[in-house]
Every structure is written in structure tokens, then in C-alpha cells.
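Worksheet: the structure to be examined is printed underneath.
Reckoned from all heavy atoms, side chains included, excluding hydrogens, waters and symmetry mates. Keep in mind that what you see is a predicted model, and the values were worked out from it rather than measured.
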Amino acid sequence: MLRALKGVRHLHVSAIKQTELAIPVPWGQLRGRAWGPDHGRPVLCLHGWSDNCGTFNALIPLLPKECRYVAVDLSGHGLSSHRPPGVFYSPPAYVMDIRRVIDALQWSRFSIIGHSMGGNIAGMFSSLYPEMVDAVVLLDSCGFYPTDQNNIFKAMRQGMDEQLQFEKPTEEKKKIYTYEGAVERLSAANSTLSEQSVRILLERGLVQVEGGVAFTRDFRINLKNIIRISLEQSLQLQSRIKAPMLLVLAEDGLEKSFVGEDKNFFSIIIQAYKDREDKVVEIPGDHHIHLNNPAVVAPLVSDFLMTKVLTQPARRGNEQTSKM
């Protein structure tokens, strides 16, 4: 199995067929976790902003056992390395990270499940590499996050100014918490997470330091993203996606946080999926419903994977997957 993977290290395997992965990248490593049989149909799972691959811990065990699920900690999140000093975090950079992961895993074709920002990365990847993607599931995400053209350059300037300020020397040290203090901090910052979900994310979101624990994520992920796309560009990218798609939207989820033009953009993109005859389902719950209450989400995702992936013949290139 190891010989089939380019530079992927398997750090440990648990009794329930979970494997911790470490994939080398030029600035360190991308960490992740794999579930399911080595020969299963490949599914890549991408978490949302400021989360980590633990966001899929509760959902994946409820999905079809015939698949091989790989969830990654995106750069600057979870146990993965932070980007080098002076480097921005941006959607194209995350897409490039995924390209590196797929190359290391030697997957020619695969499906994607993406939550929130992970869904946006899935959308862009599926647009740029449509021949590689069998199916896409977006969890409370519309796959793209367009910006009003009048605000694109303002966002670029703000992001650059924030990066410059961040790089200035400061006496401030990394904040240290007790474990329960970290639970309270993450709960306060993200009210859509149940306490159990908070503790799941903290399994990969904390590191032991002198005096307590600290969050592992890179503070720079909070800085303004400087690479933006317009609604027109989003729709152009969306039109390039060839894979069937399932959108699972939460009634009290991402859309409720949008106002004005952002809300309008969201509606336009969702309607475009419907026009493509992709499946769009709205369910009760909040932005992290897949983690807080996975039993609500799992039947929808399972049915989609069974119908669009598992009942279809493996397309050319997936023979390599059977070696994993």
C-alpha cells in the first residue's frame, strides 16, 4: 500500500480502519485522516474555515462503507503546517494544496464532500479539473463566494494592509488556555457548534504548550482574503463543472448570515445549480448540522453517493485507487 503513495506517511491505524496521514509539501506537511477500505471509491473531504478534518468524524461513519474517505487539515488548520512567513492564505492556494494531495494519493478520479469554505474549494477545483471529479457534495455552501466588483480592490488593499500589520514585531505572546478555557473560547466564537462538536474539533485544534494549551491554527487565516472573484466569474467557473452535485443547505445556516448583495449572489448561484438539474435540499439545522446532528445529513449524502458514484462503473484511472 505504501508504495502506491508518493510520499504519504501512514502514522497509525486504529481498530476501526482509520489512518492518520501526513503528506509532504514544500513548507512542511498536510495532515489528514482516512477511513474505509484501501480499495474503496475515493472521496476527498474538505472542512470549513477555522475548522479541521475532525468536522467529518461524526458523518463519515454513517456514509457508505464501500468508499475510501480522506479528510485533510487545510494549510494553517488542525495539525497541518502553517504557510511560510509572508505568504497569503487564498482560495487558489488551497486548491493547489488539494492538487498536491491528490497527486500524492495518486487518485485520477474522485468525489468531493466540502463544508462551507471547503465547499468553495471543491467548487473551484471541480471547475479547473472537471475531468478528475466524479461527484460533488456541498454542505451549507454554494461552491463559490463572489464579491461585488466595486469591493474587490478594496478587499485586496485591506488584506495587504492587515498582512503588513501582522508581520510587524510585537511583544504579544501566543494566548495560552486551560483545556476548558479553550472549549469556552471556541464555543463563544462559533455559536453553531454543540459542546460535543467543539470538543471534537479541539482534538486537532489544540497543542500542548508550557502552562496549558494553545490553538494550532494560523492567525493569518483571519486576515482579509485578497484574491476575489465576481459573480460573473463564479458563474463561468460553475458552468465548467461536469460532475453531478448535491447541495445540502441548512435552514439556519450560511444563507442567513448574508445580507444585501451577498444574499442576492447566493440566490443566483443556487438557482444556477437548479437550472443545471443538480439536487438542492434544505434541511432544518444550522451551519454545522453535519457535525452536530450527522444523522440528518447522512441519508442524503449516502443516497447521492450510491446513485451517482457507487452504482456507476469506475471510470478510467481509478484502477490506481485499488492499490491503496
Side-chain angles (χ1 to χ4, degrees), residues 1-2 4-36 38 40 42-61 67-85 87 89-91 93-107 110 112-122 125 139 174 179 182 186 197-209 213-222 290-291 321 324:
M1 179 173 70
L2 290 176
L5 304 180
K6 293 168 57 180
V8 180
R9 290 192 296 128
H10 292 244
L11 302 184
H12 79 269
V13 181
S14 73
I16 58 172
K17 197 57 180 177
Q18 292 184 36
T19 308
E20 187 74 16
L21 302 178
I23 298 171
V25 291
W27 61 93
Q29 61 181 2
L30 294 175
R31 292 284 294 274
R33 181 177 291 170
W35 289 258
D38 298 341
V43 179
L44 184 70
C45 302
L46 304 176
H47 65 77
W49 173 79
S50 200
D51 291 344
N52 55 63
C53 74
T55 196
F56 296 104
N57 281 10
L59 178 63
I60 288 177
C67 293
R68 172 71 164 177
Y69 303 94
V70 171
V72 296
D73 290 334
L74 296 169
S75 294
H77 296 74
L79 303 178
S80 288
S81 300
H82 297 182
R83 296 202 187 281
V87 175
Y89 285 85
S90 69
Y94 286 126
V95 172
M96 183 61 209
D97 291 348
I98 298 313
R99 190 66 185 85
R100 290 183 173 100
V101 169
I102 297 309
D103 184 63
L105 295 172
Q106 295 191 0
W107 287 358
F110 61 100
I112 311 177
I113 300 174
H115 171 242
S116 194
M117 182 183 78
N120 297 342
I121 298 168
F125 186 97
L139 302 177
K174 196 167 189 175
Y179 176 76
L186 184 55
S197 296
V198 167
R199 294 180 186 276
I200 289 173
L201 291 176
L202 290 181
E203 290 175 12
R204 305 178 73 87
L206 293 178
V207 62
Q208 196 79 35
V209 296
V213 295
F215 285 96
T216 60
R217 59 178 178 253
D218 190 342
F219 180 84
R220 287 176 295 168
I221 67 172
N222 298 294
H290 69 288
L291 177 57
T321 305
M324 291 180 55

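Here the side chain of Trp35 pairs no donor or acceptor atom with the backbone of Ala71 at under 3.5 angstrom. Between the side chain of Ser81 and the backbone N or O of Gln29 there is at least one donor-acceptor pair closer than 3.5 Å. Checked by atom type and distance alone, the side chain of His47 pairs as donor or acceptor with a backbone atom of Leu74 at under 3.5 Å. Between the side chain of Ser80 and the backbone N or O of Arg31 there is at least one donor-acceptor pair closer than 3.5 Å. At least one donor-acceptor pair under 3.5 Å links the side chain of Thr216 to the backbone N or O of Gly78. Remark: side-chain polar atoms of Lys174 are paired, donor with acceptor, to backbone N or O of Phe215 under 3.5 angstrom.
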>> I'd like to know whether Val198 forms a side chain to side chain contact (heavy atoms under 4.5 Å, CB included) with Ile200, so could you lay out the CA-CA distance, the side-chain angles of the two residues, the decisive distance to 0.1 Å, and finally the verdict.
In response: CA-CA 5 Å; Val198 167; Ile200 289 173; over 6 Å; no

>> Checking Leu59 against Leu139 for the side chain to side chain contact (heavy atoms under 4.5 Å, CB included) test, could you report, in this order, the C-alpha distance in whole Å, the side-chain angles of both residues, the deciding distance, and whether it holds?
In response: CA-CA 11 Å; Leu59 178 63; Leu139 302 177; 4.1 Å; yes

>> Test side chain to side chain contact (heavy atoms under 4.5 Å, CB included) on Asn222 and Trp49; report intermediate values, then the result.
In response: CA-CA 9 Å; Asn222 298 294; Trp49 173 79; 3.1 Å; yes

> Passes side chain to side chain contact (heavy atoms under 4.5 Å, CB included), Asn52 versus Glu203? Steps please.
Replying inline: CA-CA 9 Å; Asn52 55 63; Glu203 290 175 12; over 6 Å; no

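Here Asp218 pairs with Tyr89, Arg220 under the side-chain hydrogen bond (donor to acceptor under 3.5 Å, both in side chains) rule; sequence neighbours left out. Applying the side chain to side chain contact (heavy atoms under 4.5 Å, CB included) test to Tyr179 and every residue at least two apart in sequence or in another chain returns Val183, Arg199, Leu202, Leu206. With sequence neighbours excluded, the residues forming a side chain to side chain contact (heavy atoms under 4.5 Å, CB included) with Ser116 are His287, listed by chain and number. Not a single side-chain hydrogen bond (donor to acceptor under 3.5 Å, both in side chains) links His77 to another residue, sequence neighbours left out. Residues passing the salt bridge (charged side-chain N to carboxylate O under 4.0 Å, His left out) test with Arg217: none are found, sequence neighbours excluded. Val25 meets the side chain to side chain contact (heavy atoms under 4.5 Å, CB included) test with Trp27, Leu30, Arg100; sequence neighbours excluded. With sequence neighbours left out, the ring pair (Phe, Tyr, Trp, His ring centres under 6.0 Å) criterion links Tyr94 to no other residue. Under the side-chain hydrogen bond (donor to acceptor under 3.5 Å, both in side chains) criterion, Tyr69 pairs with no residue at all, not counting sequence neighbours.
In this structure, the separation between CE on Met96 and OG on Ser75 is 11.0 Å, given to the nearest 0.5 Å. Note that CG of Leu105 and CG of Asp103 are 9.0 Å apart. Values are rounded to the nearest 0.5 Å. The line from CD1 of Ile102 to CZ of Arg99 is 8.0 Å long, rounded to the nearest 0.5 Å. Rounding to the nearest 0.5 Å gives a distance of 12.5 Å between CG of Leu44 and CZ of Arg68.
Residues Val70 and Val43 form no side-chain contact, since every pair of their non-hydrogen atoms from C-beta on lies 4.5 Å or further apart. Looking at heavy atoms from C-beta onward, His115 lies out of side-chain contact with Leu291 at the 4.5 angstrom threshold. Val72 places none of its side-chain heavy atoms less than 4.5 Å from the side chain of Cys53. Counting heavy atoms from C-beta outward, Ile113 and His290 have side chains that stay 4.5 Å or more apart.
Here the shortest heavy-atom pairing between Gly76 and Ile221 reads O-CG2, 4.2 Å. Contact detail for Gly54 and Leu201: the closest heavy-atom pair is C-CD2, 4.1 Å. Minimum heavy-atom separation, Ala182 to Val213: CB-CG2, 4.3 Å.
The salt bridge (Lys or Arg N to Asp or Glu O under 4.0 Å) analysis of residues 71-84, with sequence neighbours excluded, yields the pairs Asp73-Arg204, Arg83-Asp97.
For the side chain to side chain contact (heavy atoms under 4.5 Å, CB included) with Ile112, the qualifying choice from Leu46, Ile98, Ile121 is Leu46, the only one to do so.
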